[in-house]
2 protein chains.
Amino acid sequence: MVAFLTRHKMIMLYGLSMAILLFLLKWLEYRFILISHSFEIYIGIIAVIFMTLGIWLALKLTKPKIKTVVVEKEIVIEKEVIVNTKDFTFNEKELEKLGISQRELEVLQLMAQGLSNNEIAEKLFVSTHTIKTHSSKLFEKLDVKRRTQAIEKAKRLNIIQ
Amino acid sequence: MVAFLTRHKMIMLYGLSMAILLFLLKWLEYRFILISHSFEIYIGIIAVIFMTLGIWLALKLTKPKIKTVVVEKEIVIEKEVIVNTKDFTFNEKELEKLGISQRELEVLQLMAQGLSNNEIAEKLFVSTHTIKTHSSKLFEKLDVKRRTQAIEKAKRLNIIQ
DNA sequence: ACTAAAATCATACTTTAGTATGACCAAAAA
DNA sequence: TTTTTGGTCATACTAAAGTATGATTTTAGT
């Protein structure tokens, strides 16, 4: 019922307006009989009323033009990019700072691979004594006591791997 | 042509109506002179004409109503996110596969930090013997001979760090 | 309740790692 | 030229690391 009223609101309003106008018309017609020579005024009033009604109707009934406004909405999509965290700028500065020589670095690298002093010696074609000397100096320079510590620290300082 | 007719249907209809109305007016005016008491019809005609004029005026003179429709356009912005290559799924499967116990893993981790057997023993409140037993079993399970190898292999298998 | 695995401790031993010290040589820097 | 630095080798020693073997105690699963 309410929906019906809402949907036909315009029609209802129009009907009501028509009723009021007809009433006014009748009243004016009566007045017209009493006052002569006011025919032009009566016509004028009718004209004004109906023109106003027309304007009102037109304004109410025209469909609005649809203007489409495009609003750009940013959507951030996180794209995972796999990047090596370890940069390959093998810290040569650190090597210099610590005064680690090329040969010592070699020994350090082989140590980190899990080789024993003997294996390193064989690989580098030198005696085990030499490797021991190197490693001792390395530990001094790295300020550590054991090879495992040396490996850990060297990796931490980006000297190896 | 059909599209044009459809679009200007209202205007065409209006023109047609006006033509018919003018004709009717002239005819009714003539009838009004001849036939008295047709005053109401004349008024009605006037009303219709002016209402139509009002509608026409309203349509012509008013600015078109604009209904703004906002359409959101999605713009995809790719944001690069740096991700670690090393995933943190600490290889529990590998641990199980190798049969490495929790305690052994602890020892392995402390080893990798460069601690000696004695230091590990102190840290875990056990004797050095225990640590030696653990490490021996670890080396067996990891199929290595030295702690440095164990550390290297464990890191490679993502068991530690 | 029983069993198996895990964790602990211990002794005895071997191997490797690491220290201290010194010597030799070659290349580069002062 | 002399000195420094890096690399080499050696002896002697100490300190760790690692092995072998065995035993006891927890802990968790059947």
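Computed over heavy atoms, backbone and side chain alike; hydrogens, waters and symmetry mates excluded. Convention: sequence-line order gives letters A, B, ...; per-chain numbering from 1.
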When you measure from the side chain of A/K141 to the backbone N and O of A/G99, does any donor-acceptor pair fall under 3.5 Å?
-> yes
Specify the separation, in whole Å, of atom CG of A/L110 and atom P of C/dA17.
-> 13 Å
Under-4.0 Å salt bridge between B/R156 and B/E152 = yes
Could you go through nucleotides 25-30 of chain C and list every protein N or O atom that sits under 3.5 Å from one of its N or O atoms, giving the distance for each pair?
none

Residues two or more places apart in sequence or in another chain: which of them pass side-chain contact (heavy atoms from CB on, under 4.5 Å) with B/S127?
-> B/H129, B/T130
Can we say A/E104 and A/K137 salt-bridge, meaning some charged N sits less than 4.0 Å from an Asp/Glu carboxylate O?
-> no
So, B/K93 and B/E96, do they make that salt bridge, N to O below 4.0 Å?
-> no
Nearest-Å distance, NE2 (A/H129) to P (C/dT16)?
-> 14 Å
Find every protein N or O atom lying less than 3.5 Å from an N or O atom of nucleotides 3-8 of chain C, and list the pairs.
| unit_1 | atom_1 | unit_2 | atom_2 | d |
| --- | --- | --- | --- | --- |
| C/dA7 | OP1 | B/R103 | N | 3.2 |
| C/dA7 | OP2 | B/S101 | OG | 2.1 |
| C/dT8 | OP1 | B/R103 | NE | 3.0 |
| C/dT8 | OP1 | B/R103 | NH2 | 2.7 |
| C/dT8 | OP2 | B/R103 | NE | 3.0 |
| C/dT8 | OP2 | B/H134 | NE2 | 2.7 |

In short, the helix from C/dA1-D/dT30 to C/dA30-D/dT1 is bent end to end, axes from five pairs each side, to 10°, by 50°
Atom-pair distance (CG on A/L108; P on C/dG18), nearest Å = 12 Å
Using a 4.5 Å cut-off on heavy atoms from C-beta on, say whether the side chain of B/L124 contacts that of B/I131.
-> yes
A/T128 side chain to A/N118 side chain, donor-acceptor N/O pair below 3.5 angstrom | yes
Is it true that B/E119 and A/R146 make a salt bridge, defined as a side-chain N closer than 4.0 Å to a carboxylate O?
-> yes
Does the side chain of A/I159 come within less than 4.5 Å of A/L98's, by heavy atoms?
-> yes
Under the salt bridge (charged side-chain N to carboxylate O under 4.0 Å, His left out) rule, collect the residues that match up with A/K132, sequence neighbours excluded.
-> none
Taking side chain as C-beta onward, heavy atoms only, is B/Q149 less than 4.5 Å from B/K145?
-> yes
Closest non-hydrogen atom pair between A/V107 and A/I120, with its separation | O-CD1, 4.0 Å
Send over the distance from A/D143 CG to C/dT19 C1', rounded to a whole Å.
-> 16 Å
Send over the distance from A/L95 CG to D/dG6 P, rounded to a whole Å.
-> 12 Å
Pairwise N/O distances under 3.5 Å, protein to nucleotides 15-18 of chain D:
| unit_1 | atom_1 | unit_2 | atom_2 | d |
| --- | --- | --- | --- | --- |
| D/dA17 | OP2 | B/N117 | N | 2.8 |
| D/dA17 | N7 | B/K132 | NZ | 3.3 |
| D/dG18 | OP1 | B/R147 | N | 2.6 |
| D/dG18 | OP2 | B/R147 | NE | 2.8 |
| D/dG18 | OP2 | B/R147 | NH2 | 3.4 |
| D/dG18 | N7 | B/K132 | NZ | 3.1 |
| D/dG18 | O6 | B/K132 | NZ | 2.7 |

Would you mind reporting whether A/N158 and A/E94 have side-chain heavy atoms less than 4.5 Å apart?
-> no
